[in-house]
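Atoms within each ligand, like the ligands themselves, are counted from 1 in listed order. Residue numbers count from 1 along this sequence.
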Amino acid sequence: MTKVLAINAGSSSLKFQLLAMPSEEVLTVGLVERIGLTDGVFKIEFKDEEVKKTLDIPNHTKAVELLMDALLENKIVESFDEIAGVGHRVVHGGEKFGSSVVVTPEVLADIEALSDLAPLHNPANMTGIKAFVEKLPNAISVAVFDTAFHQTMPATSYLYPIKHDLYKKHAIRKYGFHGTSHQFVSERAIALLGLPADKTRIITVHIGNGGSLTAVKGGKSIDTSMGFTPLAGIMMGTRSGDVDPAVVPYIMEKEGIDVNQAVDLLNKQSGLVGVSELSSDMRDITSGVEAGNVGAKLAFDLFIKRITDYIGSYLMTLGGADAIVFTAGIGENAGVVRKAILEKLAFLGVEINEEANNTRGQELLVSTADSKIKAFVIPTNEEIMIARDTFSFLTST
Ligand code: AMP
């Protein structure tokens with residue numbers, strides 16, 4: 001049995017899972033939050049136990065030490081040598097990385113160079129990688145990129161119709177994100193459909209606090225709704241999604257704010273929270289709708305329309321669809337959201353199975369078995385994808 005860590009390091013947090021491979025059994029899961037603060041939080045779950053501590057966690061190195069010590073103390077591993085690989089989520093792989101790679105000094109330099117495109121994420125991901133390399137020098141490190149799955153998009157999907165020089169000089173194009181999740185759920189949907197993989201046409205709907213849709217043809221991403229940054233596409237918890245770019249200078253002038261504040265407004269004060277003036281959380285929006293809150297209803301309806309507009313577009317891109325897959329916090333849990341989306345597709349022969357759709361958080365067919373386009377809920381699992389990719393390098397070397 002090989003043990004592999006799947007790591008998602010943010011600027012002040014570090015989420016981890018230790019998996020036994022190839023069985024994919026989760027041995028332990030946890031997170032470190034508020035890194036950099038004196039009241040940092042460390043949480044770890046294993047078997048039926050949970051340990052939670054609040055303590056000074058000045059940096060990622062300390063976070064990794066806490067995790068490693070907890071693995072030994074709680075006998076989750078007997079020695080660090082049991083951990084053969086560490087897979088890291090890295091947000092931006094640019095045009096350089098179309099698949100996961102073993103981290104070398106050259107790869108680290110490339111990830112660093114891509115920080116321009118993801119200034120909040122890539123440096124944090126690198127800090128995580130370096131902290132583990134220090135603590136586990138014998139384990140391989142693998143970088144798994146959020147953008148990689150979308151590198152199969154054709155130029156007609158990834159290019160913006162702007163001056164081509166801007167693409168050539170500055171790599172301004174659509175990259176897309178949530179790739180690991182779109183890949184995981186589309187692979188699973190292909191297995192569930194039982195059709196020849198290369199013939200499948202799937203629309204994956206990843207809707208959580210952030211959200212994106214992907215058109216997956218023959219297992220490959222051919223278009224996705226997020227763009228140069230994760231601000232584009234559908235409406236999200238706090239992000240606007242697509243707006244006319246000319247709105248930005250106009251907001252700046254009218255509100256007397258600078259460009260960073262204007263972009264911040266679109267990133268943090270828009271979407272569900274901006275429109276509803278109530279909350280960014282879909283649970284509050286749906287209970288607001290039930291209570292007759294006008295803002296919540298407007299936000300809900302706009303949220304649905306932005307998604308169905310993309311579904312319509314991807315039906316064209318794919319030439320139809322075999323399945324629509326819902327995943328992430330809202331997609332997995334909010335039956336009312338799935339119902340509102342699927343009802344709009346009734347004219348295409350989509351038939352919802354109301355009883356199945358009222359179930360939460362498990363893999364399920366939520367359309368009828370003979371619906372023209374099948375609708376599935378498939379809980380996403382980015383950690384398993386990270387562990388699989390990491391394990392694949394261990395077995396191939
Ligand atoms: P994620 O970013 O994937 O963790 O998703 C987080 C979002 O999922 C939250 O902000 C909620 O809006 C949504 N969510 C989670 N549980 C439910 C639920 N039972 N009903 C509606 N929305 C939910």
**Request:** Would you please determine whether Arg360 falls within less than 4.0 Å of ligand 1 on a heavy-atom basis?
**Result:** yes
**Complete:** Near Ile330 (heavy-atom distance under 4.0 Å), the atoms of ligand 1 are 8 (O), 12 (O), 13 (C)
**Prompt:** Hey, which atoms in ligand 1 end up nearer than 4.0 Å to a heavy atom of Gly208?
**Reply:** 1 (P), 2 (O), 3 (O), 5 (O)
**Item:** Lys NZ or Arg CZ of Arg173 over Tyr167 ring: under 6.0 Å, within 45°
**Value:** no
**Request:** Take the angle between the ring planes of Tyr175 and Phe228 and call it parallel below 30°, perpendicular above 60°, tilted in between.
**Result:** tilted
**Request:** Flag the pair Lys15 and Glu33 as a salt bridge only when some basic side-chain nitrogen lies within less than 4.0 angstrom of an acidic carboxylate oxygen.
**Result:** no
**Fill in**
atom 17 (C) of ligand 1: of Asn333, Thr380, Val337, the nearest heavy atom sits on Asn333
**Complete:** The closest protein heavy-atom partner of atom 20 (N) of ligand 1 is Arg283 CG, 3.5 Å
**Prompt:** Can you check whether a protein heavy atom sits less than 4.0 angstrom from atom 22 (N) of ligand 1?
**Reply:** yes
**Prompt:** Taking a hydrophobic cluster as the set of Ile, Leu, Val, Met, Phe, Trp and Tyr residues connected by side-chain heavy atoms closer than 4.5 Å, whether directly or through intermediates, do Val325 and Phe303 fall within one such cluster?
**Reply:** no
**Request:** Would you mind listing which atoms of ligand 1 come within a distance below 4.0 Å of any non-hydrogen atom of Asn209?
**Result:** 1 (P), 2 (O), 5 (O), 6 (C), 7 (C)
**Item:** Spatial distance of atom CD (Glu82) from atom CE (Met1) [nearest 0.5 Å]
**Value:** 7.0 Å
**Asked** Between Asp281 and ligand 1, is there a nitrogen or oxygen pair with a distance under 3.5 Å?
**Response** yes
**Item:** Polar proximity ligand 1 side, Gly329 side, N/O cut 3.5 Å exclusive
**Value:** yes
**Message:** Taking the basic N atoms (NZ, or NE/NH1/NH2) and the acidic carboxylate oxygens, is any pair closer than 4.0 Å for Lys130 and Glu134?
**Reply:** no
**Message:** Does any N or O of ligand 1 fall below 3.5 Å from an N or O anywhere on Met282, backbone included?
**Reply:** yes
**Complete:** From the list Phe177, Phe97, Phe145, ring-ring contact (aromatic ring centres under 6.0 Å, His included) with His92 holds only for Phe177
